[in-house]
Amino acid sequence: MEKNWWKESVVYQIYPRSFKDSNGDGIGDLPGILSKLDYLKTLGIDVVWLSPVYQSPNDDNGYDISNYREIMDDFGTLEDWEKLLQGMHERGIRLVMDLVVNHTSDEHAYFVESRKSKDNPYRDYYIWRPPLNGGQPTDWTSAFSGSAWAYDEHTGEYYLHLFSKKQPDLNWENPKVRNSVFEMMKFWLDKGVDGFRMDVINMISKTEFLSPYDDFAKGTAKNKAYHPNGPRVHDYLQEMNRKVLSKYDIMTVGECPGVTPEITQRYTDTDRKELNMVFQFEHMGLDQQEGKEKWDLKPLNLFDLKENLSKWQKALHEKGWNSLYWNNHDQPRVVSRFGNDGEYRVESAKMLGTLLHMMQGTPYIYQGEEIGMTNVRFPAIDDYRDIETLNMYQERVHEQGANPEDVMQSIYAKSRDNARTPMQWDESKQAGFTSGMPWLAVNPNYQTINVKQALADKQSIFYYYKQLIALRKKYAIIVYGDYDLILPEHPHVFAYQRTLNGQLLLVLCNFYENKETITLPELPKHDTEQLLISNYPDETSEITETLELKPYEARVYLFS
Ligand code: NOJ
């Protein structure tokens with residue numbers, strides 16, 4: 001298998017609004033991040049993925065960009081950004097920027113022009129359609145509830161927005177749009193950034209998406225639903241690769257909702273020259289009811305998780321590359337979601353970290369995951385800030401008459417604000433995040449869960465993650481080894497092995513709070529065995545065929 005630095009790296013995602021505020025306005029900023037680089041260095045990560053810091057009216061917290069070459073005032077200046085990049089590079093940390101080019105803000109100069117008239121030179125930078133039978137052109141819905149079409153009085157047409165009304169979709173069919181994106185990418189790459197995380201990049205091709213429009217108009221539409229992975233997406237990515245990506249030594253990860261392993265191979269197969277890896281979402285959908293929305297909850301079945309993650313491990317082996325994640329700014333906190341954020345918070349957070357970090361792929365850590373931050377339960381909907389959450393509440397409670405308490409339960413489980421509460425640095429007021437009023441309230445558990453406490457405790461989740469990262473650097477088998485699921489029938493233990501050059505890595509994870517006895521398959525002949533890591537500190541390195549795992553216990557053995 002080809003070796004690459006981005007295969008051997010661990011990425012840390014920063015959501016700047018919630019990371020560290022330096023000026024007391026309650027909003028995290030770039031100087032705040034700069035002040036915490038030594039913390040990241042101590043953790044040992046290699047790459048930072050920085051969520052958008054560009055100018056934005058913040059309808060969707062920076063994922064609605066009004067100027068791609070300027071820094072958002074809340075976050076600082078371009079000079080602050082240069083200093084941050086320099087500070088990272090000095091510490092051997094690479095910087096991956098967020099690239100949000102499926103849509104812009106409606107306040108972006110292109111859209112301001114585009115909506116002026118039907119013959120404006122920028123009209124065709126976006127996707128406009130006349131009304132159909134006096135209504136919207138299709139019945140597509142936005143990811144943030146309601147229609148995906150917004151009517152614009154001024155010219156009497158609708159524009160497409162797969163996300164909020166303030167996030168009109170760019171028309172990638174237009175070569176001028178593509179070139180403008182490519183030029184903007186070069187602007188940042190020439191400043192020295194080390195890659196891009198590409199927001200919903202598999203949604204940029206809309207031909208298939210729009211062609212049913214004609215059928216729809218004729219009344220013969222078969223499929224009115226929106227589909228990602230449109231027919232020209234690979235052409236666009238190959239063009240981007242040829243014109244931009246291939247000219248730099250960078251990493252790319254495309255956010256791709258709705259991809260299967262087969263589709264992902266097309267994005268990540270090195271011969272095709274598109275992306276290094278994608279974020280897939282299948283494992284994030286396992287606790288949602290089939291065919292429904294993320295708010296429609298169902299408990300996770302461990303068999304589904306085993307089956308799913310194993311499928312991805314197998315499918316992308318030598319035919320692409322996995323990204324490994326439990327968390328990001330859109331997902332609830334994993335320790336609350338799949339672990340136990342009460343009695344076994346520390347054990348289960350470490351177990352989940354182990355399960356993920358010993359797999360093949362590039363692991364991503366989301367800010368606060370390394371100290372086991374949990375979901376939050378704010379008493380009222382007014383305490384929430386996330387547009388997706390607020391729109392859903394409005395739709396379900398006020399338009400569809402759902403019981404507000406039930407809807408709050410879904411919000412407690414799934415709201416994106418679970419991930420966005422401010423980073424908990426210490427036990428002082430506002431968790432040491434800001435000296436002012438935070439834009440979103442801190443999680444009340446900050447007095448016990450915070451960085452200061454984690455750094456003072458050698459048994460903390462922080463030091464365990466540090467160890468997981470260090471192991472990946474030391475043992476090639478963790479990066480490159482083959483993956484095989486073992487004990488597939490065990491209902492409570494997720495176990496697998498990795499193999500490389502005669503070595504075997506055995507990963508045992510008890511996913512639940514009861515003790516479990518397991519009997520291992522026959523182990524290969526070996527000279528030495530070593531317990532590389534375990535979340536119960538007094539575990540001995542002796543391994544027997546039958547063994548008992550404590551609640552949420554995780555162990556990793558290396559046989560050489
Ligand atoms: C995916 C991003 O991760 C999310 O935060 C955002 O709301 C949408 N794309 C729209 O940009």
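Counting starts at 1 for both ligands and their atoms, in listed order.
A donor-acceptor contact under 3.5 angstrom links the side chains of Y236 and E173, judged on distance only.
For W81 and W188, the ring centers are positioned less than 6.0 Å apart.
Between D60 and R416 there is a salt bridge, with a side-chain nitrogen of the basic residue lying less than 4.0 Å from a carboxylate oxygen of the acidic one.
In terms of modelled atom types and a separation under 3.5 Å, the side chain of N308 and the main chain of D304 share no donor-acceptor contact. Proximity of a side-chain donor or acceptor of S9 to a complementary backbone N or O of D46 within less than 3.5 Å is not detected.
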Check: every ligand 1 N/O to protein N/O pair under 3.5 Å:
unit_1, atom_1, unit_2, atom_2, d
ligand 1, 3 (O), R197, NH2, 3.0
ligand 1, 3 (O), H329, NE2, 2.8
ligand 1, 3 (O), D330, OD2, 2.5
ligand 1, 5 (O), H329, NE2, 2.9
ligand 1, 5 (O), D330, OD1, 2.7
ligand 1, 5 (O), D330, OD2, 3.4
ligand 1, 5 (O), R416, NH1, 3.3
ligand 1, 7 (O), D60, OD1, 3.3
ligand 1, 7 (O), D60, OD2, 2.5
ligand 1, 7 (O), R416, NH1, 2.9
ligand 1, 9 (N), D199, OD1, 2.9
ligand 1, 9 (N), D199, OD2, 3.1
ligand 1, 11 (O), H103, NE2, 2.9
ligand 1, 11 (O), D199, OD2, 2.7

Could you walk me through whether K294 and D287 pass salt bridge (charged side-chain N to carboxylate O under 4.0 Å, His left out), step by step?
CA-CA 8 Å; K294 73 179 211 180; D287 57 353; over 6 Å; no
